[in-house]
Amino acid sequence: MAHDYLPLSSAASVEAPPRTPGVIETILCIAAYFGLQIGFGGLFGGISMQLARYFPDRVPEAPDRLIVVVILTLACSAGLIFWLLLRRWGRYATDAGPAGLGFTPPDGRFVAMGTALGIAAPILGGLLTQFLAGDREVTQAVSDIADKAHVGMRVALLPVAVLAGPAVEELLFRGALLSILRTRLGDGWAILLSALVFGMVHLPDLDWLWYAVPNLVLVGLFCAWLRVRSGSLWPAFIAHAANNALATIAWFSAT
């Protein structure tokens with residue numbers, strides 16, 4: 001009986017389709033981002049304390065030093081996560097579909113929607129938080145640090161808070177996590193679950209104040225919906241950046 005065999009040269013040229021990153025891998029990337037913040041925060045915080053100890057006349061006061069620590073911590077953490085995710089998900093970066101990261105040019109109307117939802121989110125979220133919190137105070141670690149720092153240091157913190165932070169979080173939550181959930185659960189559940197995870201992981205930064213989480217879940221819902229409907233990550237980033245920009249106004253209101 002004659003048998004047909006695929007030539008070795010042809011067999012070697014046949015490549016298996018690229019494997020989509022899995023759920024555990026995605027969760028580990030999110031955990032790595034927050035773990036890196038703890039690690040870099042400890043490293044740069046320790047260095048700043050030593051510099052203040054040996055060069056007290058040349059090192060800024062504690063609030064301003066903390067701003068520098070926050071900037072370096074977030075910049076290094078975001079940079080490493082960007083490198084890691086784009087190295088692992090690089091082939092999906094410009095894919096607008098459910099399995100992609102969505103680095104595609106957005107339609108102008110979704111840019112406008114992202115801006116509008118980014119402005120509406122802190123207003124609606126603030127009312128929701130006020131309703132849930134009652135007379136209890138809502139605090140956030142970065143805002144507490146900024147409130148005590150010199151105005152120049154607050155300005156230096158703005159690019160990290162308004163641009164770098166939203167960029168890496170959108171890549172993590174509306175890029176990697178949302179794509180994993182969409183390919184397994186569909187758009188509706190993916191939007192909801194990614195928003196819930198986004199809100200919950202910020203609990204430590206909120207000093208574990210649960211009544212501030214729904215505000216962040218709302219932001220997550222808006223951003224995830226924008227990513228799904230537009231096919232692009234950029235409207236979600238615009239909404240997130242606008243939300244954070246409005247939140248930073250309080251840093252300068254008492255100046």
Side-chain angles (χ1 to χ4, degrees), residues 29-85 118 121-122 125-126 129 137-174 197-209 212-213 215-216 219-220 223 237-255:
C29 286
I30 294 174
Y33 173 58
F34 293 97
L36 284 171
Q37 289 188 45
I38 295 173
F40 280 122
L43 173 64
F44 293 126
I47 292 174
S48 72
M49 291 177 63
Q50 292 301 314
L51 290 175
R53 177 182 177 185
Y54 291 104
F55 307 100
D57 298 332
R58 300 182 182 181
V59 177
E61 295 295 326
D64 292 341
R65 291 203 313 272
L66 282 176
I67 292 289
V68 175
V69 170
V70 169
I71 292 173
L72 291 174
T73 296
L74 291 179
C76 291
S77 301
L80 279 175
I81 291 299
F82 256 98
W83 173 81
L84 175 63
L85 286 180
T129 301
E137 184 180 2
V138 178
T139 61
Q140 191 170 14
V142 173
S143 295
D144 288 344
I145 294 171
D147 289 341
K148 300 172 184 176
H150 186 273
V151 64
M153 300 305 295
R154 300 179 206 176
V155 172
L157 183 59
L158 284 176
V160 172
V162 177
L163 299 176
V168 70
E169 290 189 359
E170 288 309 309
L171 179 58
L172 280 169
F173 292 99
R174 262 66 67 175
V197 172
F198 176 71
M200 295 300 292
V201 298
H202 285 85
L203 263 173
D205 187 47
L206 296 168
D207 199 22
W208 302 97
L209 303 176
V213 170
N215 179 14
L216 292 171
V219 174
C223 291
F237 165 72
I238 291 170
H240 197 158
N243 174 81
N244 284 20
L246 288 178
T248 62
I249 292 176
W251 297 357
F252 305 94
S253 59
T255 303

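We count residues from 1, following the sequence as given.
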Side chains of [X] and [Y]: does their closest heavy-atom pair fall under 4.5 Å?
X: Met153; Y: Val68; result: yes
X: Ile67; Y: Arg154; result: no
X: Leu80; Y: Leu84; result: no
X: Phe44; Y: Val70; result: no
X: Leu246; Y: Ile249; result: yes
X: Tyr33; Y: Val201; result: no

>> Does the plane of the ring in Phe173 sit parallel, tilted or perpendicular to the ring in Phe198? Use 30° and 60° as the thresholds.
In response: perpendicular
Inter-residue atom distance [X].[atom1] - [Y].[atom2], 0.5 Å rounding:
X: Ile71; Y: Cys76; atom1: CD1; atom2: SG; result: 11.5 Å
X: Leu209; Y: Asn215; atom1: CG; atom2: CG; result: 12.5 Å
X: Gln50; Y: Phe55; atom1: CD; atom2: CZ; result: 10.5 Å
X: Leu203; Y: Leu216; atom1: CG; atom2: CG; result: 8.5 Å
X: Phe82; Y: Leu172; atom1: CZ; atom2: CG; result: 8.5 Å

Identify the two heavy atoms, one from [X] and one from [Y], that lie closest to each other, and give their separation to 0.1 Å.
X: Asn244; Y: Pro166; result: ND2-CG, 3.5 Å
X: Gly41; Y: Val69; result: O-CG1, 4.0 Å
X: Thr73; Y: Gln37; result: CG2-O, 3.3 Å
X: Ala212; Y: Thr129; result: CA-CG2, 4.2 Å
X: Ala161; Y: Trp251; result: CB-CH2, 3.8 Å
X: Gly118; Y: Pro122; result: O-CD, 2.9 Å

